[in-house]
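Structure first, commentary second.
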Protein chains: 2
Amino acid sequence: MLAEELGLHVSTVSRVLHAKPDESHRAASKATVERVRRLADELGYRPNPHATSLRTQRSNLVGVLVPRLSDIVLATIYEGIEESAGEHGLSTFVTNTRDVPEVQRARTDMVLARRVDGIIFGDAYADAEFLREVAARGVPFVLVSRHAGDYPSVTCDDYLGGRMVGEHLLGLGHRDVAVVAGEPYASTGIDRTAGFADAYAEAGIEIPGHRILHSRFDARGGHETTARILADGEPPSAIFAVNDFAAIGAFGAVRDYGLRVGADIAVAGFNDTPLAAELPVPLTTVRSPMHEMGRRGIDLLARLLQGEQVRSERLRPELVVRASTDPRA
Amino acid sequence: MLAEELGLHVSTVSRVLHAKPDESHRAASKATVERVRRLADELGYRPNPHATSLRTQRSNLVGVLVPRLSDIVLATIYEGIEESAGEHGLSTFVTNTRDVPEVQRARTDMVLARRVDGIIFGDAYADAEFLREVAARGVPFVLVSRHAGDYPSVTCDDYLGGRMVGEHLLGLGHRDVAVVAGEPYASTGIDRTAGFADAYAEAGIEIPGHRILHSRFDARGGHETTARILADGEPPSAIFAVNDFAAIGAFGAVRDYGLRVGADIAVAGFNDTPLAAELPVPLTTVRSPMHEMGRRGIDLLARLLQGEQVRSERLRPELVVRASTDPRA
DNA sequence: AGCAACAACCCAAACGTTTGGGACAAACGT
DNA sequence: ACGTTTGTCCCAAACGTTTGGGTTGTTGCT
């Protein structure tokens, strides 16, 4: 600590710098406080966080694990996390796990080795197996985007979102529909699919198993899976892809099959990413509060780190109808 | 260091754990080395990085500043960075600056306060003003994606890429063209535009000023700017948007204007993001090695941190022709 | 036998904080 | 006049490493 160029003891300076404005007088005389403060920001003094962490056993660091940042959904969630983290005095550490269990493990070990105070998982597997291990190690964590077990999480109400899409398509008269369902281990895809299927079931229509196919979450995955659907007998009249990127991939497959999105076959997505509205055929989708999920996720973790008891949050989605399901829109 | 449950002095253990395999015998006896190693990974021992950093004055941390991670281009570059950082024993710290100078400053201070060893800027302003300040403070840094001044950088050869698009459109007979040029402070947009314009100039065609408009880099920005172009008299026969997202926005604007991309008006983008190929009208674009840029960026920084002299790198782009400029493709 | 060389360790300082506990003087109460 | 309080500050330990420099005891050489 260079700030004892003023002939003061480090401890005094430390106290001055840490005192809340209303109790600074307890640390030192008014004059001294002033002197310290002035010099501190004259020199642009910043306490060495390594020293602080070492002493306090708290790093104010949180690790954030996501499948991939190049997925705009997770990237946006992370923006929310980062934004709000600052307000809590926390810094974040993101890392990509590609949804690969070994990588998740390795990255978790990595952030733990960096002595983070807690972790935000954006890549939870629905079986929660790995999370149980983490919990057993006593590491505080929260989930965002996906939920698992009953670990604290902030998610979109995906079931409701799926249901909205189902009701929308039902209302348009679509009876033969297919689902590009995403990865089987992600609660997002699972719930969206379930909500969608339940809406149909309640209308007396069971969606047959061969109409519900798992897929990767990216455009390529959506393309391949949709191609398989289209290759399988009579094409459905509508396709629900559980996220926008998969839906865009579906666009590609539909196009390759010689059909027109909107006119010949309805396609709906999920998330309302900024692209959805710009596509040549604008995409019907469900707006999920991605940014907000991130913010609330870190808020939740912050409270957890304070020792508070926390409850999961489920945010409300909103259906956005565009021309990909309704050419008149 | 808990590892002296074996009755050894910490320093001995430290030496054992740091010795390269071929010189471990200099640290302790074979038996001791073995004992230490075994206990260490039995306990899952990881040195406390804060203590290490404090002692060595090196954090093995690098700060990464990007405009926004929700831009898939930067997110992909960051994936490359993270991937390669691990191989250098470095950890990274990303943060969004939204291309706002005050935020860039604040985030730079933030990462510096965290005692990073160096910085990677993905958000350099072409005027390099801020970078000069950073350099003056003696902070090692490299640039990725954009270049500025002659600070070490890893970029795509954007000028060449722009030129490729220009020659391509010229070859198709387009003489009245417009450019959605991106932000005026980003070398990417500047160079791509310059390359494009030069290609036309060499063919004896000066692109008039009102045909080159700055824009934000996202879909919305591309949409707005394209709409202004279309509203301004006779529409051009082709539009070059300096990145894919802006191009997708251009798609939206063209659609709203009642024209068809590919058939009525050609549109080209830049970056070849995974979406480009999936669009209902597949997008002609220039493939830029985003992942590779990230990898090389951190490699460059790593070498800089070793004290080596480094040279900027300029990676080769590749034109990918699709139906948005050539319906026969 | 005497001395150097080496193997196998240990010592202690230092990195920059935070924090419980003083120390010292001035002001106060009676 | 003397104990007590209060205001202002200092002391020192501790956090977990790394690293230059010991200290032993054994082996090798002559």
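This one's a predicted model, so the numbers in the text were calculated from it and none came from an experiment. So you know, we letter chains A, B, ... as the sequences are listed, proteins then strands, and number each from 1.
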(Q) As a test of reading the structure: which of C/dT17, C/dA12, D/dT19 is closest to the side chain of B/S14, going by heavy atoms? (A) D/dT19
**Q.** Length of the CG-C1' vector between A/N48 and D/dC15, whole Å
**A.** 13 Å
Q: Examine D/dA14: is either OP1 or OP2 under 4.0 Å from a nitrogen or oxygen in the side chain of A/Q57? Give yes or no.
A: no
Q) Starting at the 5' end of DNA chain D, which residue's closest nucleotide do you reach first, A/T56 or A/R35? A) A/R35
Q: Tell me which nucleotide among D/dT17, D/dG16, C/dG16 gets nearest to the side chain of B/P47.
A: D/dT17
Q. Do B/Y45 side-chain atoms and B/R37 backbone N/O form a donor-acceptor pair below 3.5 Å?
A. no
Q: Verify ring pair (Phe, Tyr, Trp, His ring centres under 6.0 Å) between B/F130 and B/Y125, making sure each step is shown before the conclusion.
A: CA-CA 8 Å; B/F130 174 55; B/Y125 268 50; 9.2 Å; no
Q. Within the pair A/Y45 and C/dG16, is there a side-chain N or O less than 4.0 Å away from OP1 or OP2?
A. no
Q: Could you tell me the separation between the NE2 atom of B/H9 and the P atom of C/dC9, rounded to a whole number of Å?
A: 13 Å
Q.
So for A/R15 and C/dG21, does any side-chain atom that can act as donor or acceptor lie under 3.5 Å from a complementary atom in the base?
A. yes
Q | Separation of atom CZ in A/R58 from atom P in C/dT19, rounded to whole Å | A | 12 Å
Q: Please give the nucleotide sitting opposite C/dT30 as a Watson-Crick or G-U wobble pair, both distances under 3.5 Å, or none.
A: D/dA1
Q: Calculate the interatomic distance between A/R114 atom CZ and D/dT17 atom P; express it in whole Å.
A: 13 Å
(Q) Can you confirm whether more than 12 heavy atoms, excluding those of B/E83, are under 6.0 Å from its CD atom? (A) yes
Q: Taking only Lys NZ, Arg NE, NH1 and NH2, and the carboxylate oxygens of Asp or Glu, determine whether A/E87 and A/R295 approach each other closer than 4.0 Å.
A: yes
Q) Of the candidate nucleotides D/dT17, D/dC9, C/dC10, which contains the atom at the shortest distance from the side chain of B/L8? A) C/dC10
Q: Determine whether any donor atom in the side chain of A/S11 lies under 3.5 Å from an acceptor atom in the base of D/dC11, or the reverse, and answer yes or no.
A: yes
(Q) For B/T52 and A/T32, find the nucleotide of DNA chain D closest to each by heavy atoms; which residue's nucleotide sits nearer the 5' end? (A) A/T32
Q.
Side chain of A/T12 only, heavy atoms from C-beta on: which candidate in C/dC15, D/dT19, D/dC10 is closest?
A. D/dC10
Q: Answer yes if the side chains of B/D158 and B/S187 hold a donor-acceptor pair under 3.5 Å, and no otherwise.
A: no
Q: Mind calculating the distance between CG (B/L54) and P (C/dA13) to the nearest angstrom?
A: 17 Å
Q. Taking NE2 from A/H50 and C1' from D/dG16, how many angstroms apart are they, rounded to a whole number?
A. 13 Å
Q) So which nucleotide from D/dG16, C/dT17, D/dC11 ends up closest to the side chain of A/A51? A) C/dT17
**Q.** Whole-Å distance separating the NZ atom of B/K30 from the P atom of C/dC6
**A.** 19 Å
